[in-house]
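First up is the structure itself, then whatever we jot down about it.
The model shown is predicted, which means the values in this text are computed figures rather than measured ones. Values reported hereafter were calculated over all heavy atoms of this structure, with side chains retained and with hydrogens, waters and symmetry mates removed. Numbers restart at 1 for each chain; the letters A, B, ... are given by sequence-line order, proteins then strands.
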2 protein chains.
Amino acid sequence: MDDAKRDAIVKAAGKSFLKQGYAASSIEQIAAEAGVSKVTIYNHFGGKRVLFEAAVDRECARIRNLLTFQAADDGPIRDRLRVIGEAMVTFLSRPEMVQFERRIAAEMEQHPDVGKAFLEAGPYRMKAAFSAFLEQAVALGELDVPNTRLAVEQFVSMCKGMGDMERRLGVPLKPKENLERVIGAVEVFLKAYTAKAR
Amino acid sequence: MDDAKRDAIVKAAGKSFLKQGYAASSIEQIAAEAGVSKVTIYNHFGGKRVLFEAAVDRECARIRNLLTFQAADDGPIRDRLRVIGEAMVTFLSRPEMVQFERRIAAEMEQHPDVGKAFLEAGPYRMKAAFSAFLEQAVALGELDVPNTRLAVEQFVSMCKGMGDMERRLGVPLKPKENLERVIGAVEVFLKAYTAKAR
DNA sequence: GACAAAGTGAACCCCTCCGTTCAATTAAAC
DNA sequence: GTTTAATTGAACGGAGGGGTTCACTTTGTC
C-alpha cells in the first residue's frame with residue numbers, strides 16, 4: 001500500500017512535469033491525478049524539488065529498461081545496420097521520448113543533475129551498445145573503422161538527421177522520412193567503412 | 001525615444017525568457033532590467049504572451065542576420081567542406097544558441113508557433129544555403145550526390161554528432177571534439193559522395 | 001476490539017505575479 | 001506658458017501555488 005501510493009505519485013509527477021514543465025506543474029494537481037492527498041506527497045517526499053528528481057529517476061529507469069539493444073548477429077552487415085538504425089529512430093521518435101528530452105534540456109539549468117542522469121540512462125548507453133556492435137563487425141572483418149567512437153556518432157546522427165530537432169520543435173513525425181534517413185545512413189556508412197577485400 | 005524603450009523592453013524580455021523560461025519570467029523583473037516601468041510594458045504590449053512572441057521574433061531576426069553563409073568558392077572541396085562545417089558547428093555551439101533552442105523546444109507546447117518560427121529562421125535557412133553549395137559542387141563535377149536534401153542532413157548531422165545534445169543537456173563544450181567531428185564528417189562525406197573520375 | 005500508523009480534507013500563511021488603476025511627474029509640441 | 005501625451009511609482013485585486021497544521025478517518029496489526 002505504501003509502495004503503490006508512492007509509485008502512483010511519482011508516476012503522476014513524471015507525467016505532469018514532462019507535459020507542463022517544472023514551474024507549471026502544481027503539487028495539488030499531481031496529488032489529484034495520483035488519487036492522493038497533498039499532505040501524503042509532502043510526507044513521502046520533502047518538497048517539489050525532491051519529487052521532481054524522483055520523477056526524473058523513474059523515467060530514466062524506464063528508459064534503461066526499454067532500451068534493449070538486441071542486434072541480429074546474422075545476415076549481411078547492411079541489413080543488420082538497417083535494422084539497428086530503424087529500431088533506434090523508432091525508439092527516439094516516440095512522443096514521450098521527445099517530450100522527455102525537451103523537458104530535461106529545459107529544466108537542466110535549474111536542476112543541473114538531471115541532464116547528466118538522462119545522458120547516462122539513454123544516449124550514452126545506446127552509444128556503448130552500438131560501439132560494441134561495431135567492434136564486433138570490425139573483429140569479423142566486415143568493417144574497417146579507425147575511430148569507433150566517432151563512427152558511432154556519425155551513424156546515429158545520420159539516422160536522426162534533422163528529424164530529431166523537428167520533432168522537438170513540434171513538427172509532426174513523418175515515418176517515410178525517418179526510413180529514408182536510415183537507408184541513406186547505412187549506404188554512406190558502408191561506403192566509408194566497408195573493409196577492403198584483400 | 002519610443003523605439004529605444006520598446007527595443008530595450010524586447011531585449012530584456014528575450015534575455016529573461018531565454019534564461020529562465022516563460023513561466024519563471026516576471027514582467028516586473030523584465031521591466032526593471034529594461035529600465036522601464038511595468039505599466040509602460042503593458043502600454044506597448046498587451047500582456048505577457050504578446051511580449052514573449054515579440055521577444056522570440058527579435059531573437060529569430062538576430063539569428064537570420066548572424067547566419068550568413070559565405071562559402072569559399074575556391075580551393076579543394078575537402079577544404080571548403082571543412083570550413084563550412086567548422087563555421088556551422090561554431091555557430092551552433094554558442095551558448096546563446098544552445099539556450100535558445102532549449103527554450104523554444106520547451107515553450108513550444110504552450111506556444112506552438114514559436115517552434116516553426118525558429119525552424120524557419122535558423123535550421124531551414126542553413127539547410128537551404130548548404131543545399132545550394134552542394135548543388136554547385138555537383139554542377140562543377142566535384143561531387144556526385146543523388147539526393148541533395150538527404151546529403152545535406154547527413155553532413156550537418158555528422159558535424160554536430162552528439163555534441164548538440166550534450167550541450168543542450170549541460171555538458172561543457174569541448175572544441176577539440178567538435179573539430180574532430182567536422183574532420184571526420186568531411187572524410188565520410190567525401191568517401192560517399194566524391195564524383196568518380198571518368 | 002484496541003491501538004498505532006498512515007492518509008485525508010480543509011483551512012491557513014505567505015509569497016509571487018499578472019494585470020489594472022490613479023495621481024503625480026516628466027517631456028514634448030504648439 | 002499651456003496643453004497634450006507618455007512615463008512613472010505605488011498601491012491594489014485576484015489568482016495560483018508551495019508548504020504547514022490539525023482534527024478526523026481509514027487501514028492494518030496485535
Can you tell me if A:His44 touches the phosphate of C:dG7, counting only side-chain N or O atoms and a distance under 4.0 Å to OP1 or OP2? yes

A:Phe45 CZ to D:dG19 C1', in whole Å, measures 16 Å

Listed partners of B:Ala12 passing side-chain contact (heavy atoms from CB on, under 4.5 Å), at least two apart: B:Ile30, B:Glu33, B:Ala34

Applying side-chain contact (heavy atoms from CB on, under 4.5 Å), can you list everything that pairs with A:Leu67, at least two apart in sequence or on another chain? A:Phe91, A:Arg125, A:Met126

For the residue pair B:Ile63 and B:Ala121, what are the closest heavy atoms and their distance? CG2-O, 3.9 Å

Applying side-chain contact (heavy atoms from CB on, under 4.5 Å), name anything that partners A:Val138, two or more places apart in sequence or on another chain. A:Leu143, A:Val145

Quick one: ring-ring contact (aromatic ring centres under 6.0 Å, His included) pairs with a partner in residues 163-189 of chain B, sequence neighbours left out? B:Phe155-B:Phe189, B:Phe189-B:Tyr193

A:Asn43 CG to C:dT8 P, straight-line distance once rounded to whole Å: 10 Å

Can you pull out every salt bridge (Lys or Arg N to Asp or Glu O under 4.0 Å) where at least one residue sits in residues 60-70 of chain B? Sequence neighbours excluded, please. B:Glu59-B:Arg62

Base, backbone or nothing for each nucleotide of nucleotides 18-24 of chain C, written B, S, -, heavy atoms under 4.0 angstrom, 5' to 3'? SBBB---

How far does the helix from C:dG1-D:dC30 to C:dC30-D:dG1 bend, going by the axes of its first and last five pairs, to the nearest 10°? 10°

Apart from A:Ile183 itself, members of its ILVMFWY cluster (side-chain separation under 4.5 Å) are A:Leu179

In whole angstroms, the gap separating C1' of C:dA6 from CD1 of A:Ile9 amounts to 12 Å

OP1, OP2 of D:dA6 versus side-chain N and O of B:Thr40: anything below 4.0 Å? no

Interatomic distance, A:Gln29 CD vs D:dG17 P [rounded to whole Å]: 7 Å

Can you name the side-chain contact (heavy atoms from CB on, under 4.5 Å) partners of A:Gln29, sequence neighbours left out? A:Ser16, A:Gln20, A:Ser26

Tell me: CD1 of A:Ile30 to P of D:dG16, nearest whole Å? 17 Å

